[in-house]
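Step one of this worksheet: look at the structure below.
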2 protein chains.
Amino acid sequence: MTYSIGEFSKIVGLSDHTLRFYEKEGLIKVNRDDNNVRIYSDENKLWIESLLHLKNTGMSLKDMKQFAMWGHVGDETLEDRLALLKNHRKKVVEDFEKLRQSLEHLDNKINYYENEIGDCFSTN
Amino acid sequence: MTYSIGEFSKIVGLSDHTLRFYEKEGLIKVNRDDNNVRIYSDENKLWIESLLHLKNTGMSLKDMKQFAMWGHVGDETLEDRLALLKNHRKKVVEDFEKLRQSLEHLDNKINYYENEIGDCFSTN
DNA sequence: CCTTGACTTAGAGTACACTCTAAGTATTAC
DNA sequence: GTAATACTTAGAGTGTACTCTAAGTCAAGG
């Protein structure tokens with residue numbers, strides 16, 4: 001399957017502005033037809049989804065750009081890419097644990113508030 | 001225990017600029033001594049830590065401000081505060097699950113790369 | 001007495017990641 | 001033949017959350 005930028009933007013949930021912006025930044029390579037119109041492929045879809053996972057884990061555009069650049073070069077950058085991913089993973093695992101703790105704190109807070117309000121009503 | 005802004009900034013890991021900024025924004029209330037110098041208490045410490053948990057879970061300054069404002073008002077805002085927290089919790093749980101999935105994706109990617117590189121060496 | 005650390009207002013600057021506009025051209029679908 | 005959708009460059013604007021500077025004052029400790 002192939003998609004126009006309009007279709008593709010709906011599928012991946014990024015605006016056409018953002019898709020062009022990402023392309024300009026070197027995050028995606030997109031084919032064109034005879035009229036210079038972008039043709040997005042399923043491969044592009046997988047790649048964008050991958051990028052969005054990296055973005056979701058807090059990777060900066062700068063690092064995603066580096067990763068994409070290396071990807072475009074070829075196999076001699078495999079180790080660089082792996083190093084980047086492993087390094088990134090460390091941070092993500094830390095962030096994940098921090099988020100887990102903060103969620104726990106939030107739950108405790110909610111519990112506390114529910115008791116407060118319960119008490120408040122019981123004293124009426 | 002009480003702390004000067006210099007001591008406190010080291011303890012909570014926020015710059016004095018940021019502490020004054022948060023105060024100006026209404027996120028913290030801080031006592032002053034006779035010379036108008038800020039005196040941070042352990043209560044302030046607990047409050048800041050609480051705020052940082054909210055921040056950590058992606059709450060905006062705007063919402064933290066609202067929460068703090070309600071906190072300063074008194075018991076009649078308990079339900080508003082609880083509603084805000086519960087509403088926020090929903091988002092956090094979603095974010096947490098998304099992060100978990102993205103971390104899983106990252107792990108798969110790393111595995112893939114490690115196999116690629118393994119293959120690459122084994123063909124030498 | 002002078003360094004250190006605190007205080008004030010008000011506003012400027014930074015970084016990130018978009019997000020949009022202008023102003024023009026080109027192609028396809030009804 | 002016109003509406004919709006696409007294309008270009010180049011730059012301006014937005015929102016968030018800081019982060020810092022200027023320019024001055026003030027008080028305590030060695």
Side-chain angles (χ1 to χ4, degrees), chain A residues 1-41 44 48-69 88 91-92 95 98 102, chain B residues 1-41 44 48-69 88 91-92 95 98 102:
Chain A
M1 273 297 289
T2 60
Y3 318 91
S4 70
I5 196 167
E7 293 162 343
F8 197 67
S9 76
K10 276 167 209 148
I11 293 169
V12 298
L14 295 172
S15 73
D16 51 347
H17 285 299
T18 302
L19 284 169
R20 292 198 192 99
F21 170 70
Y22 278 5
E23 188 181 346
K24 202 175 61 186
E25 290 293 302
L27 297 185
I28 338 166
K29 285 226 186 282
V30 188
N31 288 328
R32 308 292 182 108
D33 71 6
D34 294 343
N35 295 313
N36 203 35
V37 173
R38 288 173 180 82
I39 305 167
Y40 290 90
S41 65
N44 288 138
I48 286 277
E49 283 163 359
S50 232
L51 274 189
L52 291 181
H53 278 298
L54 292 179
K55 182 169 145 50
N56 214 350
T57 50
M59 189 180 280
S60 66
L61 276 207
K62 198 173 155 263
D63 279 357
M64 287 196 276
K65 191 170 170 173
Q66 177 66 81
F67 187 72
M69 294 306 201
H88 179 59
K91 288 178 220 148
V92 180
D95 290 350
K98 270 187 206 157
S102 289
Chain B
M1 272 298 287
T2 60
Y3 318 92
S4 70
I5 196 166
E7 292 164 344
F8 198 67
S9 77
K10 275 168 209 148
I11 292 169
V12 298
L14 295 172
S15 74
D16 51 348
H17 285 302
T18 302
L19 284 170
R20 292 199 192 99
F21 170 70
Y22 277 6
E23 188 181 348
K24 201 175 63 186
E25 290 293 302
L27 297 184
I28 337 167
K29 284 225 187 281
V30 187
N31 289 327
R32 307 293 182 108
D33 70 8
D34 293 342
N35 296 312
N36 203 36
V37 173
R38 289 172 181 82
I39 305 169
Y40 291 91
S41 65
N44 287 139
I48 285 276
E49 282 162 0
S50 231
L51 274 189
L52 291 180
H53 278 298
L54 291 178
K55 183 169 146 49
N56 214 351
T57 52
M59 189 180 280
S60 66
L61 277 206
K62 198 172 154 265
D63 280 357
M64 288 195 276
K65 191 170 169 171
Q66 177 66 82
F67 187 72
M69 294 305 201
H88 180 60
K91 288 178 222 147
V92 179
D95 290 350
K98 270 186 206 156
S102 288

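Only heavy atoms go into these numbers, but all of them, side chains included; no hydrogens, no water, no symmetry mates. Here is how names work: the chains are called A, B, and so on, in the same order as the sequence lines, proteins then strands, and each is numbered from 1.
- For NZ of B:Lys10, the number of neighbouring non-hydrogen atoms (other residues, nucleotides, ligands) closer than 6.0 Å is 12 at most.
- Among the protein residues, B:Ser15 comes within range of no part of the nucleic acid, since none of its heavy atoms lies under 4.0 Å from any strand.
- Across all non-hydrogen atoms, the minimal contact from A:Met69 to A:Glu25 is CE-O, 4.4 Å.
- Side-chain N/O atoms of B:Thr18 include none lying less than 4.0 angstrom from OP1 or OP2 on D:dC18.
- Atom CZ of A:Phe8 and atom P of D:dC7 are 13 Å apart (whole Å).
- To the nearest 0.5 Å, atoms CG (B:Leu19) and CG (B:Leu27) are separated by 10.5 Å.
- Between B:Glu7 and B:Thr2, the shortest heavy-atom distance links the atoms OE1-O, 4.0 Å.
- Shown here for B:Lys29 and B:Asn44, the closest heavy-atom pair between the two residues is O-ND2, 3.0 Å.
- In 5' to 3' order, the nucleotides of DNA chain C bounding all contacts with chain B (an atom under 4.0 Å from a heavy atom) are C:dA6 to C:dT8.
- The interatomic distance linking A:His17 (NE2) with D:dA6 (P) rounds to 12 Å, in whole Å.
- Between the CG atom of B:Asp16 and the P atom of D:dT19 there is a distance of 12 Å, given to the nearest Å.
- Between A:Ile48 and A:Ile28, the closest heavy-atom pair is CD1-CD1, 3.5 Å.
- Near-neighbour residues of DNA chain D inside residues 34-41 of chain A, defined by a heavy atom below 4.0 Å, number-ordered: A:Asn36, A:Val37, A:Arg38.
- Residue-to-nucleotide proximity on DNA chain C shows that, of B:Lys24 and B:Arg20, the 5′-proximal contact is made by B:Arg20.
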Output a table of nitrogen or oxygen pairs between the protein and nucleotides 12-17 of chain D separated by less than 3.5 Å.
| from | atom 1 | to | atom 2 | distance (Å) |
| --- | --- | --- | --- | --- |
| D:dA17 | OP1 | B:Leu61 | N | 3.3 |
| D:dA17 | OP2 | B:Leu61 | N | 3.3 |

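- Note: A:Phe8 and A:Tyr40 have parallel aromatic rings, judged against thresholds of 30 and 60 degrees for the angle between ring planes.
- In this structure, B:Leu19 places its CG atom 12 Å from P of D:dT19, rounding to the nearest Å.
- Remark: P of D:dC18 and CD1 of B:Ile28 are 11 Å apart, rounded to the nearest angstrom.
- Contact of the A:Leu14 side chain with the A:Leu52 side chain is registered, since non-hydrogen atoms from C-beta on lie closer than 4.5 Å.
- Counting heavy atoms from C-beta on, the side chains of A:Phe21 and A:Leu61 come closer than 4.5 Å.
- Minimum interatomic distance between B:His53 and A:Ser102 (heavy atoms only, all atoms of both residues): ND1-OG, 2.8 Å.
- Shortest non-hydrogen contact noted between A:Gly26 and A:Ala68 is O-CB, 3.5 Å.
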